[in-house]
Protein chains: 2
Amino acid sequence: MGTTQLETVPEPKYWHLKTVLSEALDAEFSVGEILPNERDLAARFGVARATLRQALEQLELEGRLQRRRGVGTTVAPPRMGVAVGAAEHVWPGAVGDAWKAADCTQLVPPAAVAGVLETGADETVHTVRRMRMTHGQPVAAELLYVPASSVPDLSAIEAPSGPARARAVLRELQRLGLEGQDSAVELGSARADDAKVLDRLPGAPVLVVTTRFFAEGRTAAVSVATYRADTCRLTFGDSGGVEVHHDPERRAS
Amino acid sequence: MGTTQLETVPEPKYWHLKTVLSEALDAEFSVGEILPNERDLAARFGVARATLRQALEQLELEGRLQRRRGVGTTVAPPRMGVAVGAAEHVWPGAVGDAWKAADCTQLVPPAAVAGVLETGADETVHTVRRMRMTHGQPVAAELLYVPASSVPDLSAIEAPSGPARARAVLRELQRLGLEGQDSAVELGSARADDAKVLDRLPGAPVLVVTTRFFAEGRTAAVSVATYRADTCRLTFGDSGGVEVHHDPERRAS
DNA sequence: AAGTGGTCTAGACCACGCG
DNA sequence: GCGTGGTCTAGACCACTTT
């Protein structure tokens, strides 16, 4: 009869909403602009606030929006490309890298890290905490695990912890011949301490980059870096990365 | 008085719940085991189902759980390492790669891709659709954009579309000298078509890998590959990747 | 104090996979 | 048909930032 139902799949409301909002962002908003608040937006689209929030969450996940409690929802700038794997490998702390050493302690690494470093179950390693800034914003928090055997000449004169110690460990690392490195990227959620540094709420989506540094025929150090997934595009390879990012679903022939 | 409130921050319920569940997964469950259903779990912990779901979502994001509608929630195996950036660069479709060419059409690429390829606004390019399987599971869906100028000798005899055409395009690509490549990784959400191939719901979190291939002094092809973020750990670099993955928050001194 | 996003509840119905 | 996870609602209160 009068049923003109061609699409047998009822698209979820939040999905449709996300598409509508996405197009509105492209057409009617500019970077940094603040959107109406969630209650108003929900009313305007005739949905419950929870549904509206589901759409906003997706857009935030895709780096289109930025939400801050007590402030509002703003249109996010395009993600910034962050180089994480240069063609020439260098030790952390080499001159010119974008990291800032914050602290250093001695502690027993997580089991997974200990396995890679082939340290004993209760063996402590130097653990350097660093932070990476880009365009004035924190984009990554890192823990660099360095076994004592990789920095044998580390002076006992330095303080056993603190920023000075961190720089000393990095300095000693440069003396080893770096034979190679490899990295892995996976999705994770920010731990409470990393979230604080990254200015996000705990549980925020992050890209976890685990890097092994090889020297003297073994794994001489391991880095676990946590990048903000909403603002970062990680680049690897010969040059500075690719300018391609999100785009509307237009894929007509 | 009797107020022993040292922690002024009331941890959200779902966050605490996630921690409890995470520890339970480590201690009492093995890979593949199915959890009680959401209604029972919520009742057991004395929270609303929505709150319980918020905790499960996080655990799924971290690759600890797998949820399937109509089936249930199961304990996920550790993420598999998937090599995406080998030390020696090779063209897509080289012998031995893990991809399966599925289809090929001619279409106008998204604006961002067109910009990198330096094609005209309405210029069509060969678009190869491929799928990557690992351990019997689909892990990635890819669109490879190849301008006509990169495959000048492509025979007009072949069908204008379909798997045979896809293979023909890849075969012609091998003839160019590959001068280099670079990649970028960012978080995204699965489009409807990719979600179908990846056996996930639309909007599922994915890692989008954009790769530029250089030949003859220009960008000769661009690949946009969509990896399942829940099951994959992308590896770059000299060797096969790192065995480090999630671990409990234990970080005592 | 006012306004924002973040958390939480207790329901309801729907889409899907399986026996 | 039944049980599962997925979607949606209409509220409430909380934590945070700004005024």
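Using a distance-only test at 3.5 Å, with no hydrogens or angles considered, a donor-acceptor pair links the side chain of B:D103 to the main chain of B:G162. The backbone N or O of B:L198 sits less than 3.5 Å from a side-chain atom of B:R228, completing a donor-acceptor pair.
Nearest-nucleotide mapping onto DNA chain C: of A:L201 and B:V47, the residue sitting toward the 5' end is A:L201. Nearest-nucleotide positions on DNA chain D place A:G46 closer to the 5' end than the other of A:G46 and A:R49.
No N or O donor and acceptor, one from the side chain of B:R69 and one from the base of D:dG3, sit under 3.5 Å apart. B:R39 contributes a side-chain N or O that forms a donor-acceptor pair with the base of D:dG5 under 3.5 Å.
Nucleic acid contact class of B:R68 (heavy atoms, under 4.0 Å, all strands): sugar-phosphate only. Residue contacts shown for B:L56 are absent, as no nucleic acid heavy atom lies under 4.0 Å away.
In this structure, the salt bridge (Lys or Arg N to Asp or Glu O under 4.0 Å) partners of A:R67, at least two apart in sequence or on a different chain, are A:E38, A:E57, A:E60.
Atom pair A:E57:CD and D:dC8:C1' shows a separation of 14 Å (rounding to whole Å applied). Atom CD of B:Q58 and atom P of C:dC8 are 11 Å apart (whole Å). Here the P atom of nucleotide D:dG6 and the CD atom of B:Q66 are 11 Å apart, to the nearest Å. Summarising the geometry, the separation between CG on B:L52 and P on C:dG11 is reported as 16 Å, rounded to the nearest angstrom. If you measure from atom CG of B:D199 to atom P of D:dG6, you get 13 Å, rounded to the nearest angstrom. If you measure from atom CD of B:Q54 to atom P of D:dG6, you get 14 Å, rounded to the nearest angstrom. One can place CD1 of B:I34 at 9 Å from P of D:dT4, the figure rounded to the nearest angstrom. Separating the NE2 atom of B:H16 from the C1' atom of C:dT7 is a distance of 16 Å, rounded to the nearest angstrom.
Remark: A:R53 is in phosphate contact with C:dG6, judged by side-chain N or O atoms under 4.0 Å from OP1 or OP2. Of the side-chain N and O atoms in A:T51, none sit less than 4.0 angstrom from OP1 or OP2 of D:dT7. At C:dG6, one or more side-chain N or O atoms of A:R67 fall inside 4.0 Å of OP1 or OP2 (strictly under the cut-off). Note on B:N37: every side-chain N or O is 4.0 Å or more away from OP1 and OP2 of D:dG3.
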Kindly list each side-chain donor-acceptor pair under 3.5 angstrom involving residues 131-138 of chain A, sequence neighbours excluded, with atom names and distances?
{"unit_1": "A:R132", "atom_1": "NH1", "unit_2": "A:A83", "atom_2": "O", "d": "3.1"}
{"unit_1": "A:R132", "atom_1": "NH1", "unit_2": "A:Y227", "atom_2": "OH", "d": "3.0"}
{"unit_1": "A:R132", "atom_1": "NH2", "unit_2": "A:A83", "atom_2": "O", "d": "3.1"}

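Comparing atom distances between the A:Y14 side chain and each of D:dG5, C:dG6, D:dC8 picks out D:dC8 as nearest. You'll find that the side chain of B:P12 is closest to C:dC8, out of C:dG17, C:dC8, D:dG5.
B:R130 contributes atom CZ, which lies 10.5 Å from atom CG of B:L143 (distance to the nearest 0.5 angstrom).
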